[in-house]
There are 2 protein chains.
Amino acid sequence: MGERSVNLKALAAHLGLTVSTVSRALNDYADISPATRKRVKLAADQLGYRPNQNARRLSIGTPETICYLMPRQIGPNAQPFVAQLLAGLGEALNERNWDLLVSQADASVGDLASIERLVKSGRIAGLVISRPLKNDPRVRLMQNLGCPFVVHGRTEKCDGYAWYDVDGEDAFVTAVNHLARLGHRRIGFIGAPLQYQFAQERLDGYNRGLTHNGLSQDPELVQIAEFTDEGGTAAAGILMDLPRPPTAIVCVTDMMALGALEALHARKIRPGTDVSVIGYDGLYFGKHAHPPLTTLAQPQAHAGRRLGDILLSIIDGADPTKFQELQRAHLVQRSTDGPVTSNTGQTIVSEREDSL
Amino acid sequence: MGERSVNLKALAAHLGLTVSTVSRALNDYADISPATRKRVKLAADQLGYRPNQNARRLSIGTPETICYLMPRQIGPNAQPFVAQLLAGLGEALNERNWDLLVSQADASVGDLASIERLVKSGRIAGLVISRPLKNDPRVRLMQNLGCPFVVHGRTEKCDGYAWYDVDGEDAFVTAVNHLARLGHRRIGFIGAPLQYQFAQERLDGYNRGLTHNGLSQDPELVQIAEFTDEGGTAAAGILMDLPRPPTAIVCVTDMMALGALEALHARKIRPGTDVSVIGYDGLYFGKHAHPPLTTLAQPQAHAGRRLGDILLSIIDGADPTKFQELQRAHLVQRSTDGPVTSNTGQTIVSEREDSL
DNA sequence: AGGCTATCCGAAACCGGTTTCGGCACGCAA
DNA sequence: TTGCGTGCCGAAACCGGTTTCGGATAGCCT
């Protein structure tokens, strides 16, 4: 309230100079004498002058803002990663004093329209897309609009734009290898709807891991469900009620794996002893699961920072196809994986490491 | 790329009208004939015209944007609520086509400066402060700047501005009452640093609950630690290693409660049987803890939406002090609470409900 | 026919900055 | 003394919209 915040005109009047002179002084133009520059900056500090960013950005022709497209969430299961991701993005943007906008939009028609409005209205210089579908209309839209963007994840056909992803296929090969080494030969897979590219990749990795270890692909061992804990519970229930149930299960997310554990408990099956379970994400809470969940952890501490840097580079004119970065997940062994055991329930204790 | 997006001048030229006429037509001014209005809007649609928001907002004098001040996180423990909160805020803003900015800032000197820059630069019309300290300089700063704001949580002296909070004191009275009814007379408290107002409130509730049930306040039963799971583990360890350990523990957050469970397990103490543990937050993952964590759940599905609506009202000129809303937490009984038992470990099974 | 009002649109100022251009005053060399 | 280049600042256009104001045209009435 009180007086309006001091603007350039007021500052110029205070100094007895014109706005153009003051503006150039503040922006370190060489044609302003050092003495005047100093005097102007001092007065600006004292009066607490801050340039109006709307006006400035209109003038310089860039919004100096990027947008993070937050996926819509399903149910109360929080998205524990967005805070960390936003923090990383913010860090990258802060160095230039750019702003971070957040908008919620998935691949629905209405959301596509709002994305188009957002871009065309000149509010943002680029955006980050999360959790893409196999064939995501948001990606095509961005390409048609000619608006810089980077995808956190990949689509099925992922050449031609920038993305940053964790290699889910490789991760599931690793998981199956690990279980095969423990003696498992019937390994179940709990997946998410295959419209999501990450779900397809992880299923591919599972299958590749099976053949690599000389195991046959049994269709009844593959269960697709919604990626919530309830989905995991339902899928694991189906798997364990099979005539020949698996001795190990890999799950497409930790949340589903937690749900799977419930199904095992309900059947008095001991996870890690009777049946192994491996999740994916590296969810921190997995530590406190019962028993602590073995998982494939994504290195996502720097995802936000990296996505921000990539997007800024593209906005600066870099070739988007130069930025296609694949990170590797690593196995965090906690307590839900173990060797195959006989029906007596006897188990062989092996060394455990709990990094992170 | 390609052609620049069509602006008002181009649209006017295309129609053979002036920009002022087109602008008024689009904004439904009465002095533009209905026929012209229709013609203009049709052409705008066909050409895909979207007004430049930076220009528009500069002209109309409001940034049409609010900012969520995201608290800096500590360690890898994600903040599971921010996604939900942002979704709610976005929902409130969408109805007006306002934007949501996210900035990370706590109460440090450097962050205060960046908040001041943000406000003075005219980028935002208001902001949301989260997780305030007892005496939070951000609140004072906003008051001095005369910038509309709403606090998610409260400071110690919380009259004079708008806030939305859950009654932590009441919640902890409820928790202590519940435990007292189960027969517990030595109840421990695991708290967070008292510079956070929520930590103080919950401690106050704990103490009030004790006296209300005729229990004495034993200082050694109050342990303050960092609000992480490790902090909870350490604090619970101290409590359980006491000569006269408590038979029940209330924890200031679910994360700390999960840590406390680890300390119990390490000592072969069965949570819910030998020692009761009650957390606070209603964290979804508590369902999968070992055993499932009893907790006081905050009704936070609508927090974001409500905070957004409140802030918009204040920006519209409403009196901030009219918006001081206190929600109640409710007990979600899972499996870590139970009656006091003798040393034999015998337990009385009681009914459980697991709402949510 | 003349005057008056209502209708509709164009002209121009403005929001608050940035940036190009031109000109004044000065110093220096011829 | 004149001329010229240089240093320094002011004037003005511009970014892309909104909004006030004034004027032209048409219609209506007497």
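Chain naming here is simple, since letters A, B, ... match the order of the sequence lines and numbering starts at 1 in each.
- Side-chain N/O atoms of A:Ser59 include none lying less than 4.0 angstrom from OP1 or OP2 on C:dG16.
- With axes fitted over five pairs at each extremity, the angle between the ends of the helix from C:dA1-D:dT30 to C:dA30-D:dT1 is 70° (10° resolution).
- The nearest whole Å value for the distance from the CG atom in A:Leu58 to the P atom in D:dT18 is 12 Å.
- Proximity of A:Tyr68 to A:Leu100: side-chain heavy atoms (C-beta onward) are separated by under 4.5 Å at one or more points.
- Looking at A:Asp99, its side chain never comes within 3.5 Å of a backbone N or O of A:Thr65 through a donor-acceptor pair.
- Within residues 38-52 of chain B, the residues approached by DNA chain D to less than 4.0 Å at the level of any non-hydrogen atom are B:Tyr49, B:Pro51, B:Asn52, in residue-number order.
- As rounded to whole Å, 19 Å separates atom P of C:dC15 from atom CD of A:Gln53.
- Side-chain N/O atoms of B:Tyr161 and B:Thr321 include no donor and acceptor closer than 3.5 Å.
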Step by step, work out the salt bridge (Lys or Arg N to Asp or Glu O under 4.0 Å) result for A:Arg138 and A:Asp111.
-> CA-CA 9 Å; A:Arg138 291 171 296 183; A:Asp111 284 349; over 6 Å; no

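- For C:dG16, the OP1/OP2 oxygens have no side-chain nitrogen or oxygen of A:Arg56 closer than 4.0 Å.
- B:Arg305 and B:Glu95 are joined by a salt bridge, as a carboxylate oxygen and a charged side-chain nitrogen come within less than 4.0 angstrom of each other.
- Counting any heavy atom pair closer than 4.0 Å across all strands shown, B:Ile60 reaches sugar-phosphate atoms only and no base atom.
- With the nearest nucleotide of DNA chain C identified for both A:Ala55 and B:Arg37, B:Arg37 has the one nearer the 5' end.
- Nucleotide D:dC15 holds its C1' atom 16 Å from the CZ atom of B:Arg57, rounded to whole Å.
- Going from atom CG of A:Leu8 over to atom P of C:dT19 covers 12 Å, rounded to whole Å.
- Residues A:Leu15 and A:Val22 form a side-chain contact, since some pair of their non-hydrogen atoms from C-beta on lies under 4.5 Å apart.
- Counting only distance, with no hydrogens or angles, the side chain of B:Arg131 and the backbone of B:Phe198 share no donor-acceptor pair below 3.5 Å.
- The CG atom of B:Asn54 sits 13 Å away from the P atom of C:dT18 (whole-angstrom rounding).
- The stretch residues 11-32 of chain A touches DNA chain C through A:Ser20, A:Ser23, A:Arg24, A:Asn27, A:Tyr29, each having a heavy atom within less than 4.0 Å of the strand.
- Side-chain contact of A:Asn135 with A:Arg140: a donor-acceptor pair under 3.5 Å is present, judged by distance alone.
- Salt-bridge check for B:Asp159 with B:Lys157: passed, with a basic side-chain N closer than 4.0 Å to an acidic carboxylate O.
- Residues B:Ser20 and B:Ser23 bring no donor and acceptor atom of their side chains to less than 3.5 Å of each other.
- If you measure from atom CZ of A:Arg123 to atom P of D:dC15, you get 21 Å, rounded to the nearest angstrom.
- Using a 4.0 Å cut-off between a side-chain N of Lys or Arg and a carboxylate O of Asp or Glu, A:Asp316 and A:Arg96 qualify as a salt bridge.
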